[in-house]
Structure formats: structure tokens, C-alpha cells
> 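What follows is a single structure, and I will ask about it in a moment.
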Amino acid sequence: MKESFSQSAGRTAVDALIAMIHQNRGYLSEIDGAIGDGDHGINMDKGFTLAERELASKDAGMSEAFTILGRTLVDEIGGSMGPLYGTFFKRLGSASRPKDPVDSETMEHMLVSVLEGLQAISPAKPGDKTLMDTLVPGVDQFKNARADGKCFADCLDSMIGGAEKGWQSTKDMEAKLGRASRLGERSRGVLDAGATSCYLIIKTMGETMKELLK
Amino acid sequence: MKESFSQSAGRTAVDALIAMIHQNRGYLSEIDGAIGDGDHGINMDKGFTLAERELASKDAGMSEAFTILGRTLVDEIGGSMGPLYGTFFKRLGSASRPKDPVDSETMEHMLVSVLEGLQAISPAKPGDKTLMDTLVPGVDQFKNARADGKCFADCLDSMIGGAEKGWQSTKDMEAKLGRASRLGERSRGVLDAGATSCYLIIKTMGETMKELLK
Amino acid sequence: MQRIINNPDFVVEEYLEGFVKAHGDIVVPTSNPRVLAYREAPVKGKVGIVTGGGSGHKPAFTGYIGKNLVDAAAVGEIFSSPTAKSFYHAIKAADSGQGVAVLYGNYAGDNMNVAMAMEDAADDGIAVRTVVANDDVPSAPVSQREKRRGVAGEILMWKAGGAKAALGGTLDEVIAAAQKAIDNTRSVGIGLSPCTIPAVGKPNFSIEPGKMEFGIGHHGEPGISVQDIASADRMAEMALDTILPDLPFAGGDDVVVLVSGLGATPVMELYIFYRKIEQLLSDKGIRVHRSYVGNYFTSLDMMGITLTLMKLDDELRPLIDLEVYSVGLKQR
Amino acid sequence: MQRIINNPDFVVEEYLEGFVKAHGDIVVPTSNPRVLAYREAPVKGKVGIVTGGGSGHKPAFTGYIGKNLVDAAAVGEIFSSPTAKSFYHAIKAADSGQGVAVLYGNYAGDNMNVAMAMEDAADDGIAVRTVVANDDVPSAPVSQREKRRGVAGEILMWKAGGAKAALGGTLDEVIAAAQKAIDNTRSVGIGLSPCTIPAVGKPNFSIEPGKMEFGIGHHGEPGISVQDIASADRMAEMALDTILPDLPFAGGDDVVVLVSGLGATPVMELYIFYRKIEQLLSDKGIRVHRSYVGNYFTSLDMMGITLTLMKLDDELRPLIDLEVYSVGLKQR
Ligand SMILES: Nc1ncnc2c1ncn2[C@@H]1O[C@H](COP(=O)(O)OP(=O)(O)O)[C@@H](O)[C@H]1O
Ligand SMILES: Nc1ncnc2c1ncn2[C@@H]1O[C@H](COP(=O)(O)OP(=O)(O)O)[C@@H](O)[C@H]1O
Ligand SMILES: [Mg+2]
Ligand SMILES: [Mg+2]
Ligand SMILES: [Mg+2]
Ligand SMILES: [Mg+2]
């Protein structure tokens, strides 16, 4: 397995994310419908589609593509998802910008930057039943795997595994922030929409990158 | 059978009318509910109750009582019923005022005056499915009986009979005026509320007067 | 029934008490609890303007009492004409000796009660003349225009009459201005869901979900048709197709447009509807001099919309443009 | 779903187009279709006043653009915060060089987007300060007042800040006036039936018929309790019992009262509610300096009501009394 991929190759991760969001528009809205207002997939698809159009005319590498995606989400979605996922992708872009090729040290830098960016604007933490329940363990497992000396591809696997566990753990949580918190106890027993989209994003990103390391 | 009664005795007709309206509040509203807005009994009871209070403090004979009842209905109910029944009773009062005792010639004068008063303010005629479907045949049958030389009590019977037939005939009519006309064809098969209250008024008045002629 | 009321039999009394307390800068009570007057009425030297009608149509009718508008209003039970006595007391409250113009809507009860009130006013030596609003196109063919109901066009009639009076018009001039205004006004309503009268407790008619009633009256009087609910743009086309040929309005005309919600329709949707109206009028070369969009003449909690157009000429235009200050309409 | 719309995904765009066409005497579009501005903005020598929020709350937010009130407003999707870009463009539209006060409601999305917009404005050298409305008592205990949501009290915050700016206040003075206004304001909402977002097609939460949700937020955020629907008088008592001790308001105080319907509640009922509010305040020796009763801050077609009280002092009183002219609020 290789230990890095080029910015140019890494662009495919962004394209894969956009495709994944298109495919999951209905699924994400359905999940949001149980304890939210049923539009999470619609909101994400709207923003990612606009970003797709922006990117179509550009020959952008991974970092630039992440930055354009992030800025589009900030500029176009509004609500909470615009700033949250907008910052998510802008940070992926800015933390990786000077690096070509991209290795696991850079990836860790990217993930930590995302976490810091989100923690700076949202008080959400694990246990609140939000996308942070997916993101925090995902980032932690990547860092742990790297500290254990694992290869880039294995670190990505650990990241996906941590994210999946965190995502599934939202099922029995009571929502503490956002619309679902209106339901109190009744928000248990259903997965969180933002945690779901975050898992799909981390999974898609991780698996695409693993392909590039083969 | 006597051929007249005193103004003082005739007052009981007014009291009987008020009692009858109280008793039929629910029934009249129910009828109005089928093709109207379900408040005819409420409207009538409200006005007659206010008149009852006015009359309680007065030692009024029949004509004065009819006049007070009519003025109260005009002053307090509004809508269409205020002017219509207000005029009805004001006319009964003004057409009989100078007469004591009250005989069948006076009664005919009273009924014709009521008809003229209503026809002056409402375009409703028999066949429109309103109180006129009860009133017009009731007045006609009283006049016919009197022209045939019948006694006062028998004229009252004819009046009641004509009114009953007219009332029942509203069942298969299509409403042409008022709220029920919104239903067009669908207003058939149900009696009209105003025609019903008019029948009960004519019946109660007629039967009370017949008692006074015994 | 999800209402904010106390005893359903006293909704009108209590609403009037609250209204007077909330708007004492414009409206005052009178000796008749069913008559409210403009704080400055009767205005010396000015023809008095009176209106009245059933409750449930807020802001109509008490919401249009105010400067250069209505001087006194008679208030009826929900969807019922006020009593003759109330109209008479409103006439007295508005009268400063120049005569009184009673401008009201064409309904059986109102016609009867105003007629009776005028008799009593005549006994007092007050000169009273009337104009009866009949702007609702679907209620009768144009050949029987006198049978049509009065709906939101009444507001423009009050505006014209009120302005004429404020500018010093005589009783005859005020009546002529109000008559010209309503003669040049056409309206149509579209109902989407019925309303519920508190004392009755259930809707007083029905519209199936997924359907709309085109040409509905504002007590639920039957419309021209019940059909599948259309898009806002299609509703706008249908509304103009009904109104434009009826006057007729034509390219080159100057108009006032009034779009009113019927009570429960979100105001956002009134603007979506108005967007298409403005576009269609523009396509036809009809110029919108002034637009009013909001809840101007409602029916309790009915969902739906009404469209009113008035054709302007050089006499009516300044009357529409004159400032007014009332609870339901403020214009500088 | 009985709505007057075209494509549910375009309700906000189309409503804005219709709104601008209907009210061109007050409001103008900008280069950003999600930002509307006051016709006279930016007003030379005056601190700019900006607000913004999700659609569906008409007249808020665009309805408060106008003279001595808001200079520019950022518009979001229904019940969603506007984008950072929209807030930024609103700031630029309002800025005449004296700085800009962004006065908005306390919601997670709005907080994040305003913060991002301020960064961009700072890059342009525009001085921007904010006040976050948090008048909704039921959303958090008084010890955590900074967590409370902003509801109809925002209007009084705009009134105070807008007046201070119009009277020549500096940015710091405008912020201080708006902050004092909201710090002295308390609100509570009572929900009777849910609202429906067009793109979603069904109610976004539920209230059982016969029940009321006391303390509800204006996107349907949970209240303190769900209970059997009470009389209007009892609702008024409960609302004041929640609000009065929280500031606290006391005998001898001078207050502004604002009663708003939530959209579908007939306006008549707002007056029935206000009647009792005025009576209870009078009983407690609290004087109502000014009252606003109507649909001032709605939630699509929700049935229900909100009560807002603001305690006045000698600084706030003239700010409330200054004239304003906007679509949703006109005062002379
Ligand atoms: N303050 C917050 N911090 C982090 N995530 C949040 C916050 N509020 C809401 N979320 C996330 O947003 C998701 C809902 O997103 P979406 O449906 O697009 O927005 P909305 O709630 O405005 O309809 C929730 O599932 C949750 O994960
Ligand atoms: N123009 C009219 N002339 C005569 N009678 C009428 C007229 N309009 C309505 N009515 C009568 O009124 C009755 C309904 O009365 P009521 O329920 O008290 O008033 P509303 O229709 O205002 O609810 C109808 O049954 C009909 O007989
Ligand atoms: Mg959602
Ligand atoms: Mg949403
Ligand atoms: Mg009835
Ligand atoms: Mg009735």
C-alpha cells in the first residue's frame, strides 16, 4: 500500500462525496423526518449540487475542491448546516492546501482542523445527538491508529470504524440541540440525521482515499 | 264560542309565544343546522328573552306587548331576523292598537298588515323557502275562512292549517334566499328554519286565541 | 376548536372592549356598545362617513375608523348585520350637520337595517344617503350587478368617500365619489378551507382538501365552481380572467390592486399570488398605481384570498392617494 | 395542503419578488436576491440597522424595513437562518460609514452566520456590533437568560435601536439602547395548532385538538406544558404569571404591550385576550403606555398567540414613541 496520494488524485474524493449526497437525498430526509422536519437530505443536496456546478468549470485539486465545496455550503445553505459543514470542508481544504502529495500526517492535521473549526462555532459535543457524535470518535480513532504506527489505509479504516460506532450510538440518545430537542425523551430510538450524513461523508472520503493508496 | 277577546286577555298570546320559543330553541337551531349555520333557535331565543324582561315590568295589553316584542327584536337581533320578525310583531301591535275587544276583522287587518310590512322589506315570496312560505298561506286561509262567514275560532283553525301546509311544503324546495341558497340543490329534503319558527308562532298564537274564545 | 375566547356568546362584546382599550388613540366607544367612533368625530364641517357589518371580518369594519376614512361603525354579531339601532347611533355619532354617507355592503340584513335606521335619522332631521357595495363578480351576472355582494372593494369605497368628505365635499359629492369608486371596482374570492364560528363550534360549510372554491363569498356563500386546487400563478390568471372583462379593464388603464388573505392563509402566499398578478397586468399594459397586499377583509380563520381591482380616473386618484390613519390602514 | 404557492422549493424567491413589487415605496431589492433594503438606505450620517431571519414569520423580517426602523434585512429559507453571505450583504447595504448594528434573534444558525458575516465585514473595515434578542421566558431559566430564544420582543428591540440611530446615536449608543430594550422585554407564546411548511407538506409537529401548548416557540419548539385549552382570560393570567415575575415588572411601571397572533388565529381573538391583559395590568398598577395588537410575528399558519411586555424608562419611552413607516408597522 502506498502512504500518500496526489492532490490531483485526491480530487476524486470530493466528486465521490457529491455523488454520495445525491444518492442519499431521500434517505437523509427520511431519517430527519422522524425527529426533525424532514429536509436534511434536501438541504445537503441543494448545497452539494451548487458546489458541483462550481467545480465543473474548474480543474481543481483536492484542497481547492474542498475549499470551493465549503464556501458554497456557507454561501448557499444558511441555517445551521451551512456554517457547520461549510466550515468542515473549508478546514479540510485549508489544512491540506500546501501539501502535495497528501500523507497520513496531513490527514490527521486536516481532521483535527475540522474538529477545531466546528468546536469554535458550535457548542455540540458527543452525547448531544448531533454530527459531533460521528465526527469526534472518527477523528480520535484515526489519531490513535496513527500513534500506534499503522499505515495510512489502516488509519482510514479505524476512522471509518470509529465514525460508524459513534453514528450508531446516537440511536438511543436524547437530542440536546437543534429541532429534535423539542421532543425530549421522544427523540430516542431514532438515528440523528446530521450524524448520519457525517458518517456517510467520512465513510465515502475514507474508502475513496483507500482506493488511491492501492 | 265567543267572537272576540279583550286586549288584556290577548296578552297571554304574547306570553305563550315567548314560552314556545324558549322550548323550541334547540329544535329550531337543529333545523337551521341542516342547511344553515345552526343558530336560528339561539337568535330567536335571545331576542324573545330580552323582550320577556322588558315586558315583565309592564302591565301591557296585547297590542302594546306585540309592539314591545317587535321593537326589541329590531333593536337587539340584527341580521335578517331582527327586521323581519321585528316588523312582524310591530305590525301585529300597530294594526290592533285601537281595538278592544279584538275580533276576527281586526285579526285579518293584523295579518294583512304583517304581510304588507314584510313584503315591503324582503323580496321573499312563496317558493323561495323562507318564512313567507308559512305566512302567506296562513294569512290567505284566514281571509278565505272569514270570507266564507266562518266564526273567529274556525278562521284561526284555517290559518293554522294553511300555515302548516305551507311549512311542510318547504321540505322539497330549493332555497333561493339567505344562507341556505349556497347549497342550491342540496338544500332540498329539509324543512326551512324560518318557515318552521313562523309556523310555530302562528300555531301558538292561533291556539292561545282559540282558548280565549271558549 | 382551537380558539382564544371566553363565553362564545360574548365574543363580540369582549373583542370590542379589547379593541377600544388597545386603540384609544384612534377609536372611542359610544353610548351604544355596538357602535365605535373616530376619536375626532363628529368632525365639524365634514360629511360623516358611516359603515357597519357583521363581526369576523377584521380589520373590517372597526379597523377602518380613522382620519380621512370612517367616522363611526355599527358592529353586528359574527357574520350578521348590525341592528337598525346600531346603524342609527353610528349615524348620530358621525353627524356634524353636513349629512351622513352610509357606505356598506349589499346583504339582505344590512339593507333592511340601514333602511330602518335612515327612517329614524330622518325623524331627527339628519340627511342620510347611502352607497351599497356590490363588487363581487361571481355573485351575479353583470346584467344584474345590483344583486352582487359587497366584499373587499368596500375598503376602496370608504377610501374614496372618506377622502372626498375630508377634502370638503358635500353629501351628494361624497356619495357620487363613493358610488363611482365602487362602480369601477371588481372583486373575486378563492376559498381553500372553511371558517368556524365560535358559538357554533364547527365549520359552517366544507371544502374538501385538495379542492378550491372559486368565487366564494366571505361568509362561505357558494362560488362558481369547486375544482382541484391550482398553483398560485393559475389562481392569479383565473382571478384576472374573471375580473378584467367584467368592467372591462383594458390596456392603458391605471388601477389600484388590493389582495387580501381570508384570515388563515400565510401572508407570504399573498405575495406569491401578487407577483403573478403584477406580471399579468404589466403584460396587458395595465399600470398599478397603488397596491395593497395583506389581511384587509378576512373571514375568521378561512384560508383563501380575494383580489380587488379599481380603475382610476383623475377624480379617484387623489382620493386614493390621500393619507389615512386607522387601525387596519395607514398611509402617508 | 391548502396553500397558494407554485413550486414549493421557490416560495421564498417568489414571495420576495411579490413583496418588492407590492411595496416599492418602502423596500428595494439589492444585488443579493436574499437581501432587501430600505429605499433610502444607506442613510447618510446614521448608524445602519440590520436584521435577518428565516421566512415564515411575516411581517418579520422584511416587513420591518423602513423609516426609523430597519435599513436592510437578510432573508433565509422557511424557519432557517439566512446565509452568512446574506447577512454580510445586508450589512453593506445598511452601512453609510457610521457602523452597523445587527439586531437579530438567538438561534444557533443565526449566531453562526452572523459571526461569519461580521468577519467579512471587518475585512471591509465596517464597524459591526450585535444585540441578540432573548426575550422568550419559557426557553430557559432566568439564570441562563443568554440561552433564551428571541421572539416578538425583537420588534421592540428594532424599534429602540432604529429610533436611537435615527436620532443621531453612535454605534455604541444604538447597541446600548437595543440591548436595554431587549433586557427589559419578556415574552411567552401559546400554541393551539401546528403550522405546515409548503415543501414538507404536512405539519412539522402536533398539538392535539382540545389541548394548548404553553410556552411554545415560533418554529414549534417545545413549551413548558401541554394542557387542556383554557379560556382566553385564563390564558392571559397564565401569560402574565410567567412574564411579570421574570424581570420583574411591578406596580408603578410603565410598559409597552405587544400581542401577536401566530398566523391563523382570527384577529378578533387577539382583542379578547388583550382585554384581560389590560385589566390585569391595571389591577396591578402597571400602566400601558402603548399597545400593539395584531399579527406582528407569525409562524406560517400556526394558531396561537404571543404576549410581549417591555418596561419603559425615560430613555426608552421616546424611542418607542418615535414615528416609523414600514410594511408591518406604521406609527405617527
Ligand atoms: N447546534 C448544532 N451543532 C451541531 N449540529 C447540529 C446543531 N443543530 C443541529 N445539528 C444537526 O443538524 C441536523 C439537522 O439538519 P437539517 O435537517 O439540515 O437542518 P434543520 O434542523 O434546520 O432542518 C441534526 O440532525 C443535527 O445533527
Ligand atoms: N331575505 C329573506 N327574507 C325572508 N326570510 C329570510 C331571508 N333570508 C333568510 N330568511 C330566513 O331566515 C332563516 C334563518 O334565520 P337565522 O338562522 O336566524 O339567520 P342566519 O341565516 O343569519 O343564521 C331562514 O330559514 C329563512 O327562513
Ligand atoms: Mg431538518
Ligand atoms: Mg429544516
Ligand atoms: Mg342561522
Ligand atoms: Mg346566523
Side-chain angles (χ1 to χ4, degrees), chain C residues 1-7 11-12 14-19 21-23 55-56 58-59 63 78 190 192-193 195 207 209-210 212 229 231-233 235 259 263-276 278 288 291-295 298 300-301 303-305 325 327 330-332, chain D residues 1-7 11-12 14-19 21-23 55-56 58-59 63 78 190 192-193 195 207 209-210 212 229 231-233 235 259 263-276 278 288 291-295 298 300-301 303-305 325 327 330-332:
Chain C
M1 184 188 53
Q2 305 301 89
R3 310 316 283 258
I4 301 174
I5 58 175
N6 297 308
N7 184 329
V11 283
V12 175
E14 292 181 0
Y15 128 66
L16 286 171
E17 285 173 38
F19 187 84
K21 287 181 186 179
H23 301 300
S55 298
K58 295 213 69 52
I78 291 180
I190 303 174
L192 300 189
S193 77
C195 52
I207 300 175
M212 64 179 189
I229 194 170
S231 69
D233 284 359
M235 287 185 199
V259 170
T265 286
V267 168
M268 176 186 291
E269 294 171 20
L270 310 183
Y271 288 108
I272 294 173
F273 179 86
Y274 179 74
R275 167 184 173 270
K276 188 66 176 177
E278 194 273 352
V288 177
S291 54
Y292 301 98
V293 181
N295 282 324
T298 59
L300 291 170
D301 58 332
M303 275 193 156
I305 198 166
Y325 199 83
V327 173
K330 296 174 179 70
Q331 182 177 297
R332 61 178 178 189
Chain D
M1 184 189 54
Q2 305 299 89
R3 307 320 281 257
I4 301 175
I5 57 174
N6 297 307
N7 184 330
V11 284
V12 174
E14 292 182 359
Y15 127 65
L16 286 171
E17 284 171 37
F19 187 85
K21 288 180 186 181
H23 302 300
S55 298
K58 293 214 72 50
I78 290 181
I190 303 173
L192 300 188
S193 76
C195 53
I207 300 176
M212 65 178 189
I229 193 169
S231 69
D233 285 357
M235 288 186 199
V259 170
T265 287
V267 168
M268 176 186 292
E269 294 172 20
L270 309 183
Y271 288 108
I272 293 173
F273 179 85
Y274 179 73
R275 167 185 173 270
K276 187 67 175 178
E278 193 272 352
V288 177
S291 53
Y292 301 97
V293 180
N295 282 323
T298 60
L300 290 171
D301 57 332
M303 277 194 154
I305 200 165
Y325 199 83
V327 173
K330 298 175 177 73
Q331 184 177 295
R332 63 179 175 187

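Within every chain, numbering begins at 1; the chains are lettered A, B, ... in the order of the sequence lines, protein sequences first and strands thereafter. Quick note: numbers below take in every heavy atom, side chains included, and nothing from hydrogens, waters or symmetry partners.
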> Measuring from atom CE of C:M212 to atom CD1 of D:I4, what distance do you get when rounded to the nearest 0.5 angstrom?
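Answer rounded to 0.5 Å: 9.5 Å.
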
> If we define contacts as heavy-atom pairs under 4.5 Å, which of D:A264, D:S193, D:G56 has the most with chain C?
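Heavy-atom pair counts peak at D:A264.
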
> Side chain, backbone, both or neither: which part of D:T298 has a heavy atom under 4.5 Å from chain C?
neither

> Indicate the ring-plane relationship of D:H23 and C:Y271, choosing parallel, tilted or perpendicular according to the 30° and 60° boundaries.
perpendicular

> Starting at CD1 of C:I229, measure out to CD1 of D:I5 and round the result to the nearest 0.5 Å.
8.5 Å

> Under a 4.5 Å heavy-atom cutoff, which of C:V293, C:L300, C:V259 has the most pairs with chain D?
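The option with the most such pairs is C:L300.
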
> For the candidates C:Y292, C:F273, C:F19, which exhibits the highest count of non-hydrogen atom pairs separated by less than 4.5 Å from chain D?
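Highest number of pairs under 4.5 Å: C:F19.
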
> Using non-hydrogen atoms and a 4.5 Å limit, figure out which bit of C:I78 sits close to chain D: side chain, backbone, both or neither.
side chain

> If you measure from CE on C:M303 to CD on D:Q2, what distance do you get to the nearest 0.5 Å?
8.0 Å

> Using modelled atom types only, decide if a donor and an acceptor are shared between the side chain of C:E17 and the backbone of D:R275 within a distance under 3.5 Å.
no

> To the closest 0.5 Å, what do you measure between NZ (C:K58) and CE (D:M268)?
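Result: 7.0 Å between the selected atoms.
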
> Working to the nearest 0.5 angstrom, can you tell me the gap between D:N7 CG and C:D233 CG?
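One finds 10.5 Å between CG of D:N7 and CG of C:D233.
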
> What pair of heavy atoms forms the shortest contact from D:S291 to C:A22, and how long is it?
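Taking D:S291 first and C:A22 second, the nearest heavy atoms are OG-O, 2.7 Å.
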
> Please name the pair of heavy atoms, one in C:S231 and one in D:N6, separated by the smallest distance, quoted to 0.1 Å.
CB-OD1, 3.3 Å

> With only heavy atoms counted, which part of D:V11 is less than 4.5 Å from chain C, the side chain, the backbone, both or neither?
both

> Which distance, rounded to the nearest 0.5 Å, do you find between the OH of D:Y274 and the CD of C:E14?
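Result: 15.5 Å between the selected atoms.
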
